[in-house]
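Below: one structure, written as structure tokens.
Per chain, numbering begins at 1; letters A, B, ... match sequence-line order.
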Amino acid sequence: MNETESKRPEKYDLPKAYEFNEVEQRWYTHWLEEKTFSAQMEEGKDSFSIVIPPPNVTGVLHIGHALNNTLQDLLVRYHRMKGDNTLWVPGTDHAGIATQNVVERQLASEKLTRHDLGREKFIERVWSWREEKGGTIINQLKRMGASCDWDRERFTMDEGLSKAVREVFVRLYKEGLIYKGDYIVNWCPRCHTALADDEVEHDPTDGKLYHIRYPYADGSGYVVVATTRPETMLGDTAVAVHPEDERYQHLKEIGINLPLTERTIPVVFDHHVQREFGTGALKVTPAHDRDDYEIGLRHDLPRLKVMDDKGVMNAEAGKYAGLDRFVCRKQIVKDLEEQGFLDKIEDYQHAVGKCYRCATVVEPTTSKQWFVSVRPLADKAVAAVQEGRVNLYPNTWYRTFYSWMENIRDWCISRQIWWGHRIPAWTCASCGEVIVEVDDPATCPKCGASELTQETDVLDTWFSSALWPFSTLGWPDQTKELATFYPTSVLITSFDILFFWVARMMMMGLHFMDEVPFHDVYLHALVRDKHGKKMSKSTGNVIDPLVMIEQYGTDAFRFTLTAFAAQGREIRMDEERVDGYRRFINKLWNAARFAQMHLKDVEPSIVELAKEPAKLGLAHRWILSRINATIKDVRAALDGYNFNEVASASYQFVWHEFCDWYLEWIKADLFSDDATARDQAKAVLLTVLEQVLKLMHPITPFVTEEIWSQLPGTRSTIMLEAFPEENAAWNDAEAEESMNLLMGVISGLRTIRTEAEVHPSAKIEAMLICPDQAKRNLLTEFAGGVQAMVRASNFSIVAEGTVPDDAGHALVQDVELVVPLKGLIDVEGELEKLAREKGKLDKELARIVGKLGNEKFINNAPAEVVAKERDKEAEIRARLGKNAESTERLSKLRC
RNA sequence: GGGCGAAUAGCUCAGCUGGGAGAGCAUCGGCCUUACAAGCCGAGGGUCACAGGUUCGAGCCCUGUUUCGCCCACCA
């Protein structure tokens, strides 16, 4: 026995309850040691690859990650078992602003700022933070059972990826698709950086709308303008009105005296202005408002910045210089009021832009920023989706995707922080030449001077994540990994980053690889609490994946997430469901425990018996047919990303077919004296259990691996077993039909027992009246089994007979179940029930008779549908007949 | 304002191209029946939001209405 084998658990008697903690840790360690997650790149095999949506390196696992990674692992394990070359690339994102904030907070506790350290030392500090704490989320993913190829773990700031980032930046720059421009950006005065439009969150906020009188320069009157940010008036360089607004035509030559300043500003005429809003006059602050910026461009207005990058009023603000913007606002309002310029103040609710990282109110302001011209890149992405080279699941996202791509604006990629990929651009001190190169230049190529200063800005974090599908595979080098695994198979992510990330990966992948980055995109729902509320710490409704794992086990938690993952927009997470699936895992465990008791001494080769189903007993043929149908369903659901169906098909089969019926049914065989019966039962039991374990392994890797290791024979990991395939030889419609009758009879007899309140241990007598010869033979053949399942003695099966007055009675198909029950019948209750049944049947019959009497139905509906309706009619009539008989019989007992 | 989604059992939700309304939980009744009381056996419960339309046939397709949710753009 070699070392790895000795580490595997010895065979042992399974305990009554599944102890997930120990099992999970033991197997995960084993898988890591054996490197069973490592990607293979064998010739001639299909490839299946996924790149993980890299979580923020500062992140801790939340339920969204848990869902996301469970679904990925499900597919990865499925394809690995199918024998594909399978790769799941893990990694983390450097998350520029978030990470910088974390480290800055750390510094603050030492009463330091990043400026005390300086750029270089600060970045060193971030790296050492990453060394120390950056592995948190990775370890948490491992607890989830993620089967990533960990040797290939990447980080968006690591050497290879940084190289890719530079390469992309330089190429785009040289193609003219990156430019530097003066532009109005969303500025976060706290983070000191520009934010992309989609990094700004708009919250409805209660504020004030200030109406200010702007006097005409000739003193002949005034116009009232309104603003929510009065401090920006110091930067006003015009008042705009609609070109056709009669009220203001005369102001063309006059101008406005801007209150609180010495300046006179022009009136401009612009279509953007809504005549109906307020007075129809708009103050224009090109340096501090996006729309005003556009107006300023159209009318060539000066852009007067009155605030610095900390949100403090600057020298242009005159006597307000040095005041914080909100302090200044108060002061301005006060001064306006004192000087009679304030018309009125109204309460006003409006959307205020806030930084998505720190919730500071964003200030629109102009500055020099770097941009990507996205139009040509976006067009390629749209085309790829239109041509079906990328498929979106669920397909409701196409429309949204297209409309967003149509309206896309240039992407501001520079950020004024320190942590990130520094922009590879240098300016020559002597000639002003801008140099953009992959390798740091030593001298200016134009004038030869050696004094070059590098751009201080870093790139938006999404810039590097946009390259993730190919940068992680070695690009710009032409690696075997790229050849094998690019394009990746599917991207699984949350829909809230469809545009932040997914669209940009498509643009970059198409541009640099000339190929889509993934064939399919599966956008899963957002996880909310059970009432549909967003989970948040302040609401206190957060469900922590790690707590779930501790309490219910990873497999139960994974199963829950899978069961919830229907193709929709939201998932309402209910902890009770996790507990329910924990019971299910335990049920599986106990089924295995039962199997183990009977399979202890068998040879694994006994399963050969199951390969010739024709020779097997009915229940065996039935369960093989059922597992086969389940295999078909599960595979189809996996291939179509219908994850909830993967879970429900497995659940239904294991609990309600395999455990409830099959295991009960074969107990007689397993305890029988007949060796053939015993062997058949053992063979099929082992066969089906093996199939079940393999089928469920992708969802519940731990428990399936543990049970697998305890089955007869020497077994290596289930992870690399072949995933179950449909076996036509197992299909058996006849066995299913027969079993349906037998199960129906058993259920019917049980119902009679229960309703008559016969004690479960008491035996009943039963007579089955069955006019059909074949069914009679079937019932006779399995009479022993049926008797055992319903605890009956004196079991008779007859072609015809009369029902005694005081008997329990039921009808299953065309078989009448009769149980003599002297004095045990609840006559009134039964009559009520019969009446209710009659009501339903009458209604149904009327519907069907109407349908069948309709010529159009007969002519238009498919023949099989018509035939079905006819059968139904006959059945209902038969039932009504029996219903009438029973009613008559019971009515007699009444008196 | 534009777009999207949801409305099905008491609760949470499935129901994929139109052809007999389902699950889990909860509720009620009964059981330690030799894998599992973390279990077993059984029962009750729905005008599929509303109103029209298409169709032989609608939970499903079309139109409108109501309620709720989300996203985008925001009128200063």
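Which of B:G19, B:A38, B:A76 sits closest to the side chain of A:Pro862 comes down to B:G19. Distances were taken from every side-chain heavy atom of A:Ala861 (C-beta onward) to each of B:G19, B:A35, B:A38; the shortest belongs to B:G19. With distances taken from any side-chain atom of A:Arg399 to the nucleotides B:A76, B:C40, B:G3, the minimum falls on B:G3. For A:Leu663, the side-chain atoms get nearest to B:A35 when compared with the rest of B:C40, B:G20, B:A35. The side chain of A:Thr754 lies closest to B:G29 when the candidates are B:A38, B:G29, B:G20. Across B:A35, B:U33, B:C74, the shortest atom-to-atom separation from the side chain of A:Arg791 is found for B:U33. Which of B:A76, B:C36, B:C56 sits closest to the side chain of A:Phe857 comes down to B:C56. Out of B:C40, B:A76, B:G24, the shortest distance to the side chain of A:Trp655 is found at B:C40. Checked against B:G19, B:A76, B:A35, the side chain of A:Lys851 finds its nearest nucleotide in B:G19. The side chain of A:Leu209 approaches B:A76 more closely than any other nucleotide in the set B:U12, B:A76, B:A38.
Side-chain atoms of A:Glu664 come within donor-acceptor range of the base of B:A35, with a qualifying N/O pair under 3.5 Å.
Rounding to whole angstrom units, CG of residue A:Leu561 and P of B:G24 are separated by 20 Å. The separation between A:Glu570 atom CD and B:G5 atom P is 14 Å, rounded to whole Å. We find that CH2 of A:Trp661 is positioned 19 Å from P of B:U33, with the value rounded to whole Å. One can place CZ of A:Phe584 at 12 Å from P of B:C40, the figure rounded to the nearest angstrom. In this structure, A:Phe495 atom CZ and B:A6 atom C1' are separated by 13 Å, rounded to whole Å.
Taking 4.0 angstrom as the limit, A:Lys587 places a side-chain polar atom (N or O) nearer than this to OP1 or OP2 of B:C40. An OP1 or OP2 oxygen of B:A43 is reached within less than 4.0 angstrom by no side-chain nitrogen or oxygen of A:Lys833. The side chain of A:Asn860 places an N or O atom within less than 4.0 Å of a non-bridging phosphate oxygen (OP1 or OP2) of B:C56. Not one side-chain nitrogen or oxygen of A:His656 sits closer than 4.0 Å to the OP1 or OP2 atom of B:C41. Contact annotation: A:Arg572 reaches the phosphate of B:C13 (side-chain N/O to OP1 or OP2, under 4.0 Å). Put simply, A:Thr751 has a side-chain N or O that comes within less than 4.0 Å of OP1 or OP2 on B:A43. Between B:A37 and A:Lys16, a contact under 4.0 Å exists linking OP1 or OP2 to a side-chain N or O. One finds no side-chain N or O of A:Ser403 lying less than 4.0 angstrom from the OP1 or OP2 phosphate oxygen of B:G2.
In this structure, A:Lys667 satisfies the cation-pi test against A:Phe594, with its NZ or CZ atom closer than 6.0 Å to the six-membered ring centre and inside 45 degrees of the ring normal.
Note: A:Tyr641 and A:Tyr393 have perpendicular aromatic rings, judged against thresholds of 30 and 60 degrees for the angle between ring planes.
A salt bridge links A:Asp347 and A:Lys208; the closest N-O separation between the charged side-chain nitrogens and carboxylate oxygens is under 4.0 Å.
Within the model, atoms CG of A:Leu301 and OH of A:Tyr293 stand 12.0 Å from one another, a figure rounded to the nearest 0.5 Å.
When the options A:Phe557, A:Tyr651, A:Tyr552 are evaluated for a ring pair (Phe, Tyr, Trp, His ring centres under 6.0 Å) with A:Tyr581, the one that passes is A:Tyr651.
Around CD of A:Glu757, the count of heavy atoms belonging to other residues, nucleotides or ligands within 6.0 Å does not exceed 12.
When both distances must be under 3.5 Å, the Watson-Crick or G-U wobble mate of B:G5 is B:C68.
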